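Worksheet for the structure shown next.
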Number of protein chains: 2
Amino acid sequence: MVKAHPALLVEESDIECLLGYNLKRAYMIVRDDYRKQVEQSVLSPRAFSVLTLIVESSGLTQSAVARQLGIERSGLVAIIDDLEARGLAERRAVPGDRRAQALMATEAGHDLHAQILARVHAHERALLASLDPAEQAQLLTLLRKFRSAHERDEAQ
Amino acid sequence: MVKAHPALLVEESDIECLLGYNLKRAYMIVRDDYRKQVEQSVLSPRAFSVLTLIVESSGLTQSAVARQLGIERSGLVAIIDDLEARGLAERRAVPGDRRAQALMATEAGHDLHAQILARVHAHERALLASLDPAEQAQLLTLLRKFRSAHERDEAQ
DNA sequence: CAGATATTGTTACATTAGTAAACAGTATTG
DNA sequence: CAATACTGTTTACTAATGTAACAATATCTG
């Protein structure tokens, strides 16, 4: 019943087979590397994802961004404040709706985004080098398939 | 619009193709579901992983557990305190080393672990139902392969 | 053997992320 | 018009995570 094995590396432990545990550990690896390679200079993972979104589809409202990223509107405020203070993005009035703010990346925002994106691609490419190309594609595909199956209800 | 760096081929939608982003979103889904299905009554994901480890290999030291789980020793103290206060685990003196504490799950600890593990398996099975069995296995395999390629250096 | 160096569990502190609730202003709906 | 829902925002609260130091103990090195 009770295993009294000497301390060896657990390869077949219960948690090692759990999806949640593996996702978290894998994410930690990527996040730590991102911090080492990219963030020290500029943007947190969150801020980068926000900037990416408004670079790609200019004019999105704050609520729309929060919804797409799965974060709270309240959490977005500080991020936008920061991006705006650094001259990377702007809030602009929305013609039809006086509540909403449309988000636009500035010239500097576009530049920085392109620059960070290149670094992110490099760092992910390096991390993924441990998998062969087919496996890399499959991992991404499976993660996105998993996500899309579950982000329907809560996403909006 | 002008890129500061030589333009790479931009694949599809930017963040959706990033490993880190997909890992985080996927983990969020699993964690939120865990909280709904399991935690509300008892153990946080972390505490559960700790309990699992000391149930599986009794006598592990706190440092060993922290190392294996990739968390800080300092973060473990409160978790062990809590497990001990609930009568789920114990700290015991280690014969050879008067600094270390050996961790053992109590009878109640074993029971609760088995009970939670069953619930965790059920909740993961439900979440993974969106993938076919081959895909489920592949996702787990790829995540573990990715982890094992990167947890060598920092693991100790 | 002694002194330097490492390791163990622990505490304290800072930083952050994420949650939750409420707010005024505005839009929408019936 | 009244009720309801949505926008951005503020505030507070919890929980997580990282950092640094500490005393006690162990190990290593010369």
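Bear in mind the structure is a predicted one, so any value in this text is a computation, not a measurement. Sequence lines set the chain letters: A, B, ... in the order given, protein chains first and strands last, and positions in each chain run from 1.
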Nearest-Å distance, [atom1] ([X]) to [atom2] ([N])?
X: B:R98; N: C:dG9; atom1: CZ; atom2: P; answer: 15 Å
X: A:L60; N: D:dT7; atom1: CG; atom2: P; answer: 13 Å
X: A:E84; N: D:dT9; atom1: CD; atom2: P; answer: 8 Å
X: B:I71; N: C:dG9; atom1: CD1; atom2: C1'; answer: 14 Å
X: A:Q62; N: C:dG25; atom1: CD; atom2: C1'; answer: 15 Å
X: B:K24; N: C:dT16; atom1: NZ; atom2: P; answer: 14 Å
X: B:Q101; N: D:dT25; atom1: CD; atom2: P; answer: 12 Å
X: B:D82; N: D:dA15; atom1: CG; atom2: P; answer: 11 Å

| query | Would one find a side-chain N or O of A:R91 under 4.0 angstrom from OP1 or OP2 of D:dT9? | reply | yes
| With respect to the phosphate group of D:dG8, does any side-chain polar atom (N or O) of A:T61 fall under 4.0 Å of OP1 or OP2? | yes
| 5'-most by nearest nucleotide on DNA chain D - A:M28 or A:S63 | A:S63
| task | Using the rule that two of Ile, Leu, Val, Met, Phe, Trp, Tyr join whenever any of their side-chain heavy atoms come within less than 4.5 Å, decide whether A:M28 and B:Y27 are in one cluster. | result | no
| field | ILVMFWY cluster, A:M104 and A:L88 together (side-chain gap under 4.5 Å) | value | no
| In Å and rounded to the nearest 0.5 Å, what is the CG to CG distance from A:L43 to A:D82? | 7.5 Å
| task | With rounding to the nearest 0.5 Å, note down the distance linking CG in A:L60 to OG in A:S58. | result | 8.0 Å
Which part of the nucleic acid does [X] contact within heavy-atom distance under 4.0 Å: base, sugar-phosphate only, or nothing?
X: A:S74; result: base
X: B:G96; result: sugar-phosphate
X: B:E72; result: base

[X] side-chain N/O to [Y] backbone N/O, donor-acceptor pair under 3.5 Å:
X: A:E135; Y: A:D132; answer: yes
X: B:E124; Y: A:L18; answer: no
X: A:Q62; Y: A:Q101; answer: no

| said: I'd like to know if A:R73 reaches the base of D:dG8 with its side chain such that a donor and an acceptor end up less than 3.5 angstrom apart. | reply: yes
| message | I'd like to know if B:R99 reaches the base of C:dT7 with its side chain, counting only an N/O donor and acceptor under 3.5 Å. | response | yes
| query | If you fit an axis to the five pairs at each end of the helix from C:dC1-D:dG30 to C:dA17-D:dT14, how big is the angle between those two axes, to 10 degrees? | reply | 20°
| message | Taking the axis from the first five pairs and the axis from the last five, what angle separates them in the helix from C:dT19-D:dA12 to C:dG30-D:dC1, rounded to 10 degrees? | response | 20°
| task | List the steps and the verdict of side chain to side chain contact (heavy atoms under 4.5 Å, CB included) for A:V120 and B:Y21. | result | CA-CA 11 Å; A:V120 169; B:Y21 182 72; over 6 Å; no
| field | Taking every non-hydrogen atom, the tightest pair across A:D14 and B:E56 | value | N-OE2, 2.6 Å
| query | What nucleotide among D:dT9, D:dT25, D:dT7 has an atom nearest to a side-chain atom of A:A100? | reply | D:dT7
| field | A:R31 side-chain proximity, nearest of D:dG8, D:dG18, C:dT10 | value | D:dG18
What donor-acceptor contacts under 3.5 angstrom involve side-chain atoms of residues 69-77 of chain B, with partners at least two apart or in another chain?
none

| query | In terms of the nearest nucleotide of DNA chain C, which residue is placed more toward the 5' end: A:D97 or B:G75? | reply | B:G75
